[in-house]
> 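Let me give you the structure first, and then I'll get to my questions.
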Number of protein chains: 2
Amino acid sequence: MLWAVDQTGVSPEGSWIDPPPHLESTMSLSETQHEAAGARRIARPVPLRESVYNAILDMIVSRNLQPGQHLVESELAVMLGVSRQPVREALQWLKNDGWVDLRPGLGAYVHTPTVEEADQLLAVRRLLETESARLAAQHVTEEGITHLRDLCRQGFAALEAEDVATMVALNAELHATVMRLSRNDVLVELASQVDRRVRWYYTPVARHRGAQSWSEHSALIDAIAAGNADRAAEVMHAHTEHTRVSYLEQQDKSGADAGTPARPVTARQP
Amino acid sequence: MLWAVDQTGVSPEGSWIDPPPHLESTMSLSETQHEAAGARRIARPVPLRESVYNAILDMIVSRNLQPGQHLVESELAVMLGVSRQPVREALQWLKNDGWVDLRPGLGAYVHTPTVEEADQLLAVRRLLETESARLAAQHVTEEGITHLRDLCRQGFAALEAEDVATMVALNAELHATVMRLSRNDVLVELASQVDRRVRWYYTPVARHRGAQSWSEHSALIDAIAAGNADRAAEVMHAHTEHTRVSYLEQQDKSGADAGTPARPVTARQP
DNA sequence: CGACTGCCCACAGCATACAAAGTGCCGTGG
DNA sequence: CCACGGCACTTTGTATGCTGTGGGCAGTCG
């Protein structure tokens with residue numbers, strides 16, 4: 001059945017849909033449990049729309065698709081070697097996650113992030129994360145703490161090795177873990193939405209406040225471990241606020257730096 | 001399969017897609033602004049998927065489609081007099097909003113809400129609404145207050161007339177207005193998502209705490225008008241917490257009441 | 001009589017085909 | 001030279017056909 005390779009057979013070249021790396025931290029708890037129990041249902045051929053979603057998302061994040069760019073269904077379909085149907089569905093999905101703007105009758109355009117939006121996003125993130133920290137402190141478990149400390153240790157290691165990519169990944173994983181400890185699935189869901197978008201323009205910031213960030217993480221874990229909800233919330237609040245401020249300063253300094261949004265200049269919206 | 005009356009297939013009559021009433025409070029801010037500016041682009045025949053979305057949503061909310069029920073694309077398509085394509089897109093949309101669960105390869109099933117989920121949802125709502133109140137107090141305008149007071153007045157009128165439906169609508173509108181005053185579009189977006197789901201099982205609660213609810217609204221508006229952010233947040237926190245507690249009490253009392261979730265009994269999930 | 005297996009049917013996933021609408025260009029007329 | 005109108009192409013929206021998988025049912029074997 002060859003899922004990954006040589007799907008529709010026509011074009012032998014072109015950027016194929018790579019087998020979804022699937023390091024999604026979104027995975028539902030139940031799935032995790034099942035897999036842990038060894039009850040994995042063989043290899044379900046990941047729905048095409050999902051692969052398409054990931055492929056397009058990658059292209060957006062990696063700036064292969066510029067903000068404001070018009071996404072033509074048929075082009076994407078040919079490019080990915082699938083029909084328009086899965087592409088349409090993926091675009092709807094992307095729209096719901098705020099990655100593209102879908103204008104009825106006109107088509108999809110890569111969302112153009114603005115400074116205001118980033119600020120608002122980071123503010124909301126602060127809100128959600130703060131609450132998650134509070135709740136995590138109330139529901140914390142032994143293994144939860146162990147996992148957090150482990151992540152934190154790896155974080156410091158990555159910091160020392162100046163491995164920014166790993167640091168960002170670990171940072172995301174740590175926040176996701178705290179989030180899960182909150183035991184509020186709705187909150188987890190919302191936060192993951194927000195986080196994905198934040199991470200888009202977060203990377204440049206990571207480099208500049210790595211050290212402080214990880215010691216703050218450490219303090220956060222201490223507060224959670226102690227079951228001190230208010231303190232945990234306070235630390236997380238300060239932590240995410242620092243991130244937000246860092247981002248804004250970064251913006252001020254380098255208005256036209258590579259990889260940062262806030263240039264509605266090149267983005268024409270016909 | 002005859003869900004409600006007649007409906008399936010043959011009959012040339014029956015539940016057609018009605019011309020979308022479109023009282024959606026979901027409308028994005030920009031659209032609102034455009035319409036206000038009189039720049040409405042004539043009457044574009046609302047995309048079919050949207051009409052289908054509304055039609056199915058209505059059926060879910062009105063319990064014409066039971067929680068856990070398997071939604072067959074082709075049946076829906078025939079029933080609504082459209083092809084499967086728009087139905088598919090509408091189902092994806094519904095999935096993203098938490099109304100149906102889409103199991104790959106199997107199809108769509110009406111989401112079965114649980115008490116835990118409702119509780120989590122209401123907790124998140126409290127969080128978002130509290131923040132919105134705080135921000136609203138900081139960004140309030142003259143006309144904002146006027147509008148709020150107006151809504152509140154109508155609310156009391158509806159309360160006296162015991163018009164529950166209007167009360168629920170006004171309540172939603174009031175909260176949405178406060179939310180918009182926060183001047184954080186991301187927050188607005190998230191809150192509207194949460195609110196849509198909350199409103200499903202909000203109605204039974206409204207009946208029981210209408211009076212208290214509207215005097216709390218009044219106090220909230222006072223705080224916002226005074227620009228007292230902390231007080232506004234405090235009031236909103238208490239207000240939404242009361243709603244949550246009310247809901248839970250309602251649950252305890254009448255476990256099998258009509259219109260309330262938490263009966264995974266009839267819902268079989270094959 | 002119970003359990004297992006093989007077949008059949010229904011339905012989701014994907015592809016393709018068709019229709020309608022919008023946009024830009026080009027030509028012509030004032 | 002500019003403006004208006006029509007035409008053609010592009011692209012979305014909608015419909016339909018095809019295929020593979022999953023699940024139910026019946027028949028058969030132990």
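Predicted, not measured: the structure shown is a model, and the values here were computed from it. In what follows, chains are A, B, ... by sequence order, proteins preceding strands, each numbered from 1.
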> Tell me the closest heavy-atom pair linking B/Asp195 and B/Arg125, and the distance in Å.
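Looking at all heavy atoms of both residues, the shortest contact is OD1-NE, 3.4 Å.
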> Using five base pairs at each end, measure the axis-to-axis angle across the helix from C/dC1-D/dG30 to C/dG30-D/dC1 and round it to 10 degrees.
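Inter-axis angle at the ends, rounded: 0°.
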> Identify the two heavy atoms, one from A/His111 and one from A/Pro67, that lie closest to each other, and give their separation to 0.1 Å.
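What the structure gives for the nearest pair is O-CB, 3.8 Å.
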> For B/Lys95 and C/dG13, what is the distance between atoms NZ and P respectively, to the nearest whole Å?
11 Å
> How are the rings of A/Tyr109 and A/His70 set relative to one another: parallel (under 30°), tilted (30 to 60°) or perpendicular (over 60°)?
parallel
> Just the atom pairs and distances: protein N or O near nucleotides 9-13 of chain D's N or O, under 3.5 Å.
from   : atom 1 : to       : atom 2 : distance (Å)
D/dT12 : OP1    : A/His70  : NE2    : 3.4
D/dT12 : OP1    : A/Leu71  : O      : 3.4
D/dT12 : OP2    : A/Glu73  : N      : 3.4
D/dG13 : OP1    : A/Gly105 : N      : 2.9
D/dG13 : OP1    : B/Arg49  : NH2    : 3.4
D/dG13 : OP2    : A/Arg88  : NH1    : 3.2
D/dG13 : OP2    : A/Arg88  : NH2    : 3.4
D/dG13 : N7     : A/Arg84  : NH2    : 2.9
D/dG13 : O6     : A/Arg84  : NH1    : 3.1

> Starting at OH of B/Tyr53 and ending at C1' of D/dT14, how long is that distance when rounded to a whole Å?
21 Å
> Taking all non-hydrogen atoms of both residues, which atom of A/Gln193 and which atom of B/Leu190 are closest, and how far apart?
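The answer is OE1-CD1, 4.4 Å.
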> Between protein and nucleotides 6-9 of chain C, what N or O pairs are separated by less than 3.5 Å?
none

> In this structure, how many angstroms lie between the P atom of C/dC11 and the OH atom of B/Tyr109, rounded?
10 Å
> Keeping B/Gln69 on the side-chain end and B/Gln66 on the backbone end, is there a donor-acceptor pair under 3.5 Å?
yes
> Distance check needed: C/dA17 P versus A/Gln85 CD, whole Å only.
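After rounding, the reported distance stands at 15 Å.
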> So B/Arg84 and B/Glu89, salt bridge (Lys or Arg N to Asp or Glu O under 4.0 Å) or not? Walk me through it.
CA-CA 9 Å; B/Arg84 281 173 48 209; B/Glu89 292 180 1; over 6 Å; no
> About how many Å separate CZ of A/Arg88 and CZ of A/Arg49, when rounded to the nearest 0.5 Å?
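Rounded to the nearest 0.5 Å, the CZ-CZ separation comes to 14.0 Å.
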> Looking only at non-hydrogen atoms, find the nearest pair between B/Pro104 and A/Pro47 and report the distance.
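Reported closest heavy-atom pair: CB-CG, 4.0 Å.
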> Could you verify whether a donor N or O on one side chain and an acceptor N or O on the other, from A/Glu116 and A/Thr114, lie under 3.5 Å apart?
yes
> Between B/Arg196 and B/Asp97, does the salt bridge (Lys or Arg N to Asp or Glu O under 4.0 Å) criterion hold? Intermediate values first, please.
CA-CA 8 Å; B/Arg196 275 197 296 268; B/Asp97 283 12; 3.2 Å; yes
